[in-house]
Amino acid sequence: MAAVQEKPSTTASSALSLQVRFVTKQEQYSIPDFPYSISANVGTDELNSVINRVLIEDDVIEKQKEFDFLIGGEFLRGTLEELVLRHEALKEKIVDDKDEDDDTEKKKIGVEEVIEVEYVERTPAPEPENCLMHDDWVSAVDATSNWILTGCYDATLHLWTGKGKHKQGFPAHSGPIKAVCWVSSTPESTVFASASHDQTVMIWEWDLSNNNVSCKWICKGHERSVECIKPDRQAAHLASGSWDGQLKIWTVAADKPTEDGAVGESTSSKGATKTPLMTLAGHKESVSAVQWSDEKELISASWDHTIKLWDVEMGGMKAEIAGNKAFFDMSWSALNNTAITSSADRHIRLYDPRSNEGSLVKCMFTSHNGWVSSVNWSLTNENLFVSGSHDKLMKLWDRRSPRAPLYNMTGHTENILCTSWANPDYMMSGGSDNTLRIFKAKTDLK
Amino acid sequence: MVKRKLNPVQVSLDEVASTSLKAHTTKASSKSEKLKPKAVIPSQAKNGKEQKEILKEVKSSAPRRSTRKANMKKVDEEPMDEHSKDEKSDEQSEDDSVLGTEEDEDAEVDGDSDETSEDEEEASDEEDDDDSKSDSDSDAEKSSEVDDEGIENDNPFEFSDMNEAISQKVEAPHPNPVNGNEYEEDSSDEEDIRNTVGNVPLNWYDEYPHIGYDLDGRKLIRPKQEDKLDEFLRRMEDPNFWRTVKDLQTGQNVVLSDKDLEFVKRIQSGKIPDANFENFAPWIDWFSSDVLDTPLRSMPPSKTSFLPSKIDKMKISKMVHAIKMGWMKPKPKPSTEPNFYMLWDSDDKSDEMRRVHDHIPAPKVRLPNNAESYNPPAEYLFDEKEMKDWESKDDEPWKRRYNFIPQKYKSLREVPAYDNYTKERFQRCLDLYICPRAKKMRLTIKAEDLVPQLPNPKDLQPFPTICSMIFKGHSQMVRSITLEPHGQFFASGSEDGTVKVWEIATGRCMKTFEFGCVIRWVEWCPNKSLSLLAVAADSDVMLINPGVGDKLIIEKTDLLLSETLDQGDYHPSERLKGAVQWEPVDEEKWAKGIRILIRHFKNVNQVTWHAKGDYFASVMTDGQNRSVLIHQLSSRRSQLPLNKSKGLIQCVLFHPIRPIFFIATQRHVRVYDLLKQEMIKKLISGAKWISSMSIHPGGDNVIVGTYDKKVMWFDLDLSTKPYQTLRFHGNAVRSVAFHKRYPLFASGSDDCNLIISHGMVYNDLLQNPLIVPVKKLRGHDKFSDFGILSIMFHNMQPWVFSSGADKTIRLYT
């Protein structure tokens, strides 16, 4: 289990030299604003040494720091020359197309211009922290700052402390669990939910004082396996998507007592049955991911190649993005209002669900070699996200570096099925090797 | 008819003028003239005396004039300015001519002549006002009034008509004694009243002393005839003699004025008599093609101008009718091509020209060789054997090697004449003109030109390109795979005796059913409200409930199949009973998942469902005339559709929409109508051994895979022969499949290749299906000569699954 910086192989080439100016937004590392003439076939290491030497000479820092270099909003991977030549080629193409965009004109990246290189302190490598063993495939994971919740294919749910101590493990469903989520927590008890192949969503309450988990509600209504669940921000509602293409919204708290008065009390052992508050039908195939983007807005991704925005208040669809592959997972970030998706291929695609430009893929992140099963935005950094794939790797990505991820997190011996970055300190991935692997994220750059 | 131009002031009083005109001519009352002095358009000159008087009067009224003048100018200036200037000069010259004799006296007045005239008008104007004065005191003025008019008349503006001008000036030097003022009557279109005889030849009066009568009936006495002497004297003395002509009407001599002479000259030189006539006035193109902003006419266009003409309509409808009836035929368009004629044209011109331009030389005569020499080398001379051979071929001389006998002569001189010369020349001539010569066209065809133009596979996406998942778990080769109708799971049957159900998204094996015998075929029931999987295991066909998917459906299926059906008095025939039996399922088997068990009398090779999910067919290749069975799930009964053995039946297929049943024997595919119970057609594959077939979801196209490496596409509407035969595989094709949604089909073979092809079927019946191989997928390993055993497409996604002899199932996306 290790985190490895991924570096494409550099190719030696001619001694072209480029004019480079270094800038930074991190004031503590600022250096004088001189253009430097630098050989073109340098990579991040060489640039790093340049910056470090200047900084050490100026007594800004004592010891070496690692920096990453942003050129034209893109991280430098490989050599400077490759990137510059690629931009040149792109520019020519743009000129050919007579489609001059102001943005591309602004960033003047060419052999003859002074290239502006922004350097930022490199995101530190995540460190492998823990490995939690399960009895079956770990298909769902969610975390809070204190607790970790996992769901397995043997229909059991497991509760762990943040440190990795097993607190509870109990059979919850009658079919493999596909999704879990923490709903709300108080010092005394926490509420969480799980969704399963048995077509139900179950809402559980964990009494922390006596470590007792009880099923509060069984939400029945889906006609096929429930693939995803997500609570809204107020933890008042749950949205679930299932294979039958339906999205259903459930209340977390008790419904108003129904006429037969059988709320909660009737089946104390397995919890009371709940019916959906609302059903949003529209997807033609399995809903693979759902997320609340707003109090009244849902985003869902489906195998029918679409991402849909739903107005929960109106109970109808607001917008649709059509892709050309089945979506397996989708994560939407409130920090940058974009959604990353994983499809039935090895690419991760970035969409802007609220843009009017149609179904435009904003960016494509390609590095995995298998289906990407799970993607998750960081909750604290608008640029970072993790992805887990069937190629047994979890990758940490920066939005600005589409060609290469920041780090690969190895360790799994089988397909990764789920990832979570709900706890900003830890990245987790569960897979079909029956383990949940936890990496400590050191992403806080102050 | 003379058109008078009115004095500018008079224009406004047009109507009045016309009335006063009358008054004038009749000369009835001078009063009326007084009343409307402005309207007066007099046209006569007056004699000198009168004029003088007037002038005097004008002079005497000078102080009064000055004020008047000022007034007058205000009124008159504007309309005058157009003509006044150039006309003034004319006027003066005219005055000169008219008042020639009085020039001395009038010199000072002359310049003011128009002014005076104006003043006179003014005066008359005033008089108009003073009309109420007594008539009597105006008597004296009357004459002057008339004279006024005379002066007015001098305005050249009035004399646009030349006739009048001439006639007027005539009398100045020769005042008519009889009729002092014959021009009181102003209009020239009235008859000449100086002589009232009218338009009769004047020689009628030759015998009389008079030449006619005046208006009062008095005789007009002929002037005294001049004798030659008088004439001579006049010629000598009178400087105007040359311009004096005799007016026959009055018998007077008239001296032509300069202006008259000018007229005459202009007429003689062929010009327009009026010098003022602008011959080349700028042309004002009022009705041009330019669309003006404002219409020339203020009148709006008439309503009828907007309506289509009825007459035209009638005419056109007549013509249309005539064209319809064939009475009228449109004129053939004259060909626009230039018509050239070949002067020396002949019948076989192309050939003629070809001979000129593209001459083909005659074949050359074979050159003589050594044998033809007069002194050939010895080896060419016939020996005995050759001689004998020559003689033996007398009957068939064309078989001889030479058509002559080589002979040796001592010298060229001794060579005799050649016997066959004439004959050979004749033959040569025949060759030259009877045998046609033509150029051989050699085509240059490149191999790639023969390959049809196919679209680029890139444009035919999506199709599976990469192996995304490998499903491992079986311990023997996987014979058959089948997809759950919803596309979430699929099942596989293997030689290890197990049927496994897999989740596609994760690759998880959800269920495993063990049967302990070779599973040859699995097929999921296409009915989405049933959870059933048909499994062919050895000689049994089992319907098992895989227990994945909707729980409700699983329960319902179990419930439905648990109840035993009362077959009543149904007794299957012995033939059927011997072939198949529906066996009750005991508890143990029920627990295994088996819901229905149908025992066959031979090993079952294939089970296939009808699209509705009620009927299913099973195939026993070794079953001879009972090798195909159709079972009905709802009634739990079976039937034998075939009475006779059609050969080794390989596989069967239900049509997706219509009640049609396909039976593939070794070499043919027989298509049966299930309702009419007869064969519709027989697809002749031409292959030696059919392995599998699949039908397009539209139902009109069938692909057939064969063990002799071919995949054949049959278009059922087109022909019973294959529309296309694809030979892409290096080994026996084991399985073929169509995609339900995308225009894709695939074939899997023992050479471990899975070939994806684009097979677009068009709704247009005239357009043939487009078949483009797009991708070759390789992944399976060969295992004891077997490669891929079964393939299937996902129902919704462009994914393909293949199961191989290497115990794995692969998913390509």
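Residue numbers start from 1 in every chain, and the chains themselves are labelled A, B, ... in the order their sequence lines are given, proteins ahead of strands.
Proximity to chain B (any heavy atom under 4.5 Å) is shown, for Asp198(A), by both the backbone and the side chain. For Thr813(B), the part lying under 4.5 angstrom from a heavy atom of chain A is the side chain only. Heavy atoms of Gln797(B) lying under 4.5 Å from chain A belong exclusively to its side chain. For Ser174(A), the part sitting under 4.5 Å from any heavy atom of chain B is the side chain, from C-beta outward, and nothing else. Residue Gln461(B): no heavy atom, backbone or side chain, is found under 4.5 Å from chain A. Looking at Leu811(B), only its side chain comes within 4.5 Å of chain A, counting heavy atoms on both sides. In this structure, no portion of Glu414(A) lies under 4.5 Å from any heavy atom of chain B. Residue Phe328(A) touches chain B through its side chain alone, counting heavy-atom pairs closer than 4.5 Å.
Because its NZ or CZ atom is not both nearer than 6.0 Å to the ring centre of Trp502(B) and within 45° of the ring axis, Arg508(B) does not count as a cation-pi partner of that residue. Annotation: cation-pi pair Lys274(A)/Trp250(A) absent, no NZ/CZ under 6.0 Å from the ring centroid and within 45° of its normal.
Atom NZ of Lys220(A) sits in a sparse spot, with 12 or fewer heavy atoms from other residues, nucleotides or ligands closer than 6.0 Å.
Note on Asp345(A) versus Arg349(A): salt bridge recorded, some NZ/NE/NH1/NH2 to OD/OE distance being below 4.0 Å. With salt bridges taken as basic N to acidic carboxylate O contacts below 4.0 Å, one links Glu484(B) and Arg224(A).
Contact count against chain B (heavy-atom pairs under 4.5 Å) is highest for Gln199(A) among His305(A), Glu223(A), Gln199(A).
A heavy-atom distance below 4.5 Å is found between the side chains of Val361(A) and Tyr351(A).
Not one N or O on the side chain of Trp371(A) forms a donor-acceptor pair closer than 3.5 Å with the backbone of Ser468(B).
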